[in-house]
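A short write-up of the structure that comes next.
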Amino acid sequence: MKKGKKPKNIIIIGAGIAGIATAIRLKSQGHDVAVYEANNYPGGKLTAFSEKGYRFDMGPSLFTMPQFIEELFEVAKKPIKDYFQYKKKEVVCNYFYEDGTTFSALADESKFAKEASKTFEVTEEKILNYFNESKIKYNLTASLFLEKSLHKTTTYLSKEALRAIFNINSLDINTTLSNYNSKMFEDERLIQFYNRFATYNGSSPFQTPGIMSMIPHLEQYFGTYFPKGGMHSITTSLFRLASDIGVEFKFNQKVNQIITDKSKATGVLINGEFISADIVVSNSDIVPTYRQLLKQHKPPEKILQQPRSSSALIFYWGITKQFPQLDLHNIFFSEDYKAEFDYIFEKEDVHQDPTVYINVTSKEEPDDAPKGHENWFTMINVPSNNGQDWDSIIEKTRSNIILKLSRLLKEDISKLIEFEAILDPKTIESKTQSYQGALYGASSNNKYSAFLRHPNFKSKIADLYFCGGSVHPGGGIPLCLLSGKIVSELIETSSK
Ligand SMILES: Cc1cc2nc3c(=O)[nH]c(=O)nc-3n(C[C@H](O)[C@H](O)[C@H](O)COP(=O)(O)OP(=O)(O)OC[C@H]3O[C@@H](n4cnc5c(N)ncnc54)[C@H](O)[C@@H]3O)c2cc1C
């Protein structure tokens with residue numbers, strides 16, 4: 001906190017990963033911070049469950065950019081090793097294609113290029129050139145688009161902004177990711193591989209702009225990791241850190257309204273009780289934040305009506321066998337990627353041959369499944385919840401993906417499932433208040449989407465801020481953590 005400033009009394013609505021990260025930063029700045037959470041547990045989408053000898057991470061499974069977690073321990077002045085440990089993955093993901101091609105994506109860039117040139121019609125040079133272009137895009141835009149508020153003029157007066165504007169043509173904003181990848185490669189399997197990165201923010205490669213080709217750089221340069229104890233330990237360790245430095249958590253406390261007076265946030269209402277605050281930060285999805293908590297204010301309809309990102313349908317399966325050809329992350333591609341995404345974003349339905357992702361944490365943590373068994377988090381991308389008949393979608397999709405996996409793994413999977421639980425978009429929505437169960441707030445299916453995410457503050461209401469996956473800079477764990485950084489910097493620099 002700046003010299004001469006008094007600590008503020010801050011309420012955070014929601015103990016999702018962004019709410020916890022924001023709380024750690026604001027408490028470390030010297031403020032009094034209380035987090036009010038509707039559920040009886042922290043973490044929101046980043047949670048877990050155990051049953052019948054299996055442990056499953058329920059939501060996120062891919063962990064990248066651990067530096068943003070490291071930073072939280074640095075600002076809180078606590079040694080990370082006492083709370084959180086993680087290791088780098090040498091095999092990033094195993095890929096399986098319907099034509100029988102298999103490909104192991106390796107973390108080391110030159111090994112990756114060598115392996116790719118053996119598997120696909122491509123030279124090592126072309127792969128390395130792609131990664132180089134990916135890196136250029138990231139370096140030109142990351143500090144501008146991800147680490148700062150896009151809605152403050154000072155952001156555009158920086159050296160970084162001028163550099164990005166001068167190099168605008170190399171950002172591939174005016175083409176789609178799929179067109180960009182088709183220009184870079186001839187082999188359809190490789191194009192599908194690089195198109196997949198659109199799903200990292202819940203978008204379609206056939207609509208999202210080519211600038212998303214910076215995402216492979218994140219995976220390749222910064223690497224992918226596995227936290228000791230599984231993804232849920234991100235939640236448990238940050239929750240413990242926040243509690244240790246004095247953040248107060250109140251569970252089973254659903255905020256019903258954000259109270260404002262003369263265009264200033266003054267507190268929240270819970271079950272008819274007013275709790276006052278100098279500053280309110282909402283980690284709730286931006287749509288319910290306006291539609292339920294700020295009913296007395298005019299909502300920014302253009303922002304709220306942006307199409308949602310994809311959601312997920314997950315089968316948590318206890319499998320009575322081990323598959324040596326699987327690693328922690330595994331992708332079984334659909335045959336027709338275009339049709340798959342048309343189903344998700346145009347027809348708002350699920351194609352009969354969806355791409356299947358299987359995450360098997362028992363590969364890293366044998367105790368996550370009984371001996372000789374595996375815990376399969378089997379997920380497909382699906383549309384956000386618009387009132388579809390999910391029971392019938394689940395029934396037909398379940399049999400389609402069992403057939404697909406049985407075909408590609410040459411084993412009748414249906415006979416190996418001894419435990420099953422299911423998560424669908426409706427449940428994601430009801431458990432986390434995420435509008436339509438979207439995983440990443442609005443989709444990034446057009447070139448203006450970064451600018452149509454809600455800012456981290458509201459110019460018409462003082463002392464009200466927003467963090468989390470539905471506002472700037474976006475969804476996914478690293479970006480949620482960055483939203484907390486932006487909010488804490490905005491509060492730190494606010495003149496009051
Ligand atoms: C199945 C799935 C797979 C995913 N895979 C990945 C992945 O591999 N890698 C990755 O980086 N990201 C992934 N994501 C996305 C990632 O989980 C999210 O971006 C991130 O967890 C969002 O965190 P958040 O803090 O913004 O919101 P949330 O986790 O949604 O938390 C919001 C919290 O606010 C609480 N809340 C809301 N309204 C109120 C209220 N009125 N009063 C009190 N409390 C309230 C909710 O109960 C909830 O706890 C995935 C998500 C899902 C669901």
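We count residues from 1, following the sequence as given. Order of appearance sets the numbers: ligands from 1, and atoms from 1 within every ligand. Remember, predicted model here, so these are calculated numbers, not experimental data.
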Looking at [X], which atoms of ligand 1 are within less than 4.0 Å of one of its heavy atoms?
X: Tyr36; answer: 43 (C), 44 (N)
X: Gly44; answer: 29 (O), 31 (O), 48 (C), 49 (O)
X: Cys480; answer: 19 (O), 20 (C), 22 (C), 23 (O), 26 (O)
X: Gly469; answer: 26 (O)
X: Ile314; answer: 1 (C)

**Validation row, ring centre Phe332 to ring centre Phe96 under 6.0 Å** =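 Judged by ring-centre distance (under 6.0 Å), Phe332 and Phe96 do meet the cut-off.
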
**Prompt:** Taking the six-membered ring for Trp, is the centroid-to-centroid distance between Trp376 and Phe323 below 6.0 Å?
**Reply:** yes

Hey, are [X] and [Y] close enough for a salt bridge, meaning a charged N less than 4.0 Å from a carboxylate O?
X: Arg55; Y: Asp368; value: yes
X: Lys485; Y: Glu71; value: yes
X: Glu37; Y: Lys254; value: no
X: Asp32; Y: Lys8; value: no
X: Lys363; Y: Glu374; value: yes

**Request:** Measure Ser434 to ligand 1 on non-hydrogen atoms and call it side chain, backbone, both or neither using the 4.0 Å cut-off.
**Result:**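 The answer is the side chain of Ser434.
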
**Request:** Begin from the C-alpha positions of Asp424 and Thr427 and carry the test side-chain hydrogen bond (donor to acceptor under 3.5 Å, both in side chains) through to its verdict.
**Result:** CA-CA 5 Å; Asp424 64 19; Thr427 322; 2.6 Å; yes

**Request:** For the pair Thr235 (side chain) and Leu46 (backbone), establish whether a donor and an acceptor sit closer than 3.5 Å, ignoring hydrogens and angles.
**Result:**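 Yes; at least one donor-acceptor contact below 3.5 Å.
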
Nearest protein heavy atom to [atom], by residue and atom, and its distance?
atom: atom 10 (C) of ligand 1; result: Ile477 N, 3.6 Å
atom: atom 15 (C) of ligand 1; result: Tyr440 CE2, 3.6 Å
atom: atom 53 (C) of ligand 1; result: Leu439 CD2, 3.4 Å
atom: atom 47 (O) of ligand 1; result: Glu37 OE2, 2.7 Å
atom: atom 19 (O) of ligand 1; result: Gly476 N, 2.8 Å
atom: atom 40 (C) of ligand 1; result: Ile13 CG2, 3.6 Å
atom: atom 29 (O) of ligand 1; result: Lys45 N, 2.8 Å
atom: atom 16 (C) of ligand 1; result: Pro60 CG, 3.8 Å

Measuring from non-hydrogen atoms of [X] to any atom of ligand 1, is the shortest distance under 4.0 Å?
X: Gln253; value: yes
X: Gly437; value: no
X: Gly43; value: yes

**Message:** Do Arg308 and Tyr435 form a cation-pi contact, if we require the NZ or CZ to be under 6.0 Å from the six-membered ring centre and within 45 degrees of the ring's axis?
**Reply:** no

**Request:** Examine Lys347 relative to Tyr343 and say whether NZ or CZ is less than 6.0 Å from the centre of the six-membered ring and inside a 45° cone about the ring axis.
**Result:** yes

**Asked** Is the closest N or O pair between Ile17 and ligand 1 shorter than 3.5 Å?
**Response**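 Yes; the residue has a nitrogen or oxygen that sits under 3.5 Å from a nitrogen or oxygen of the ligand.
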
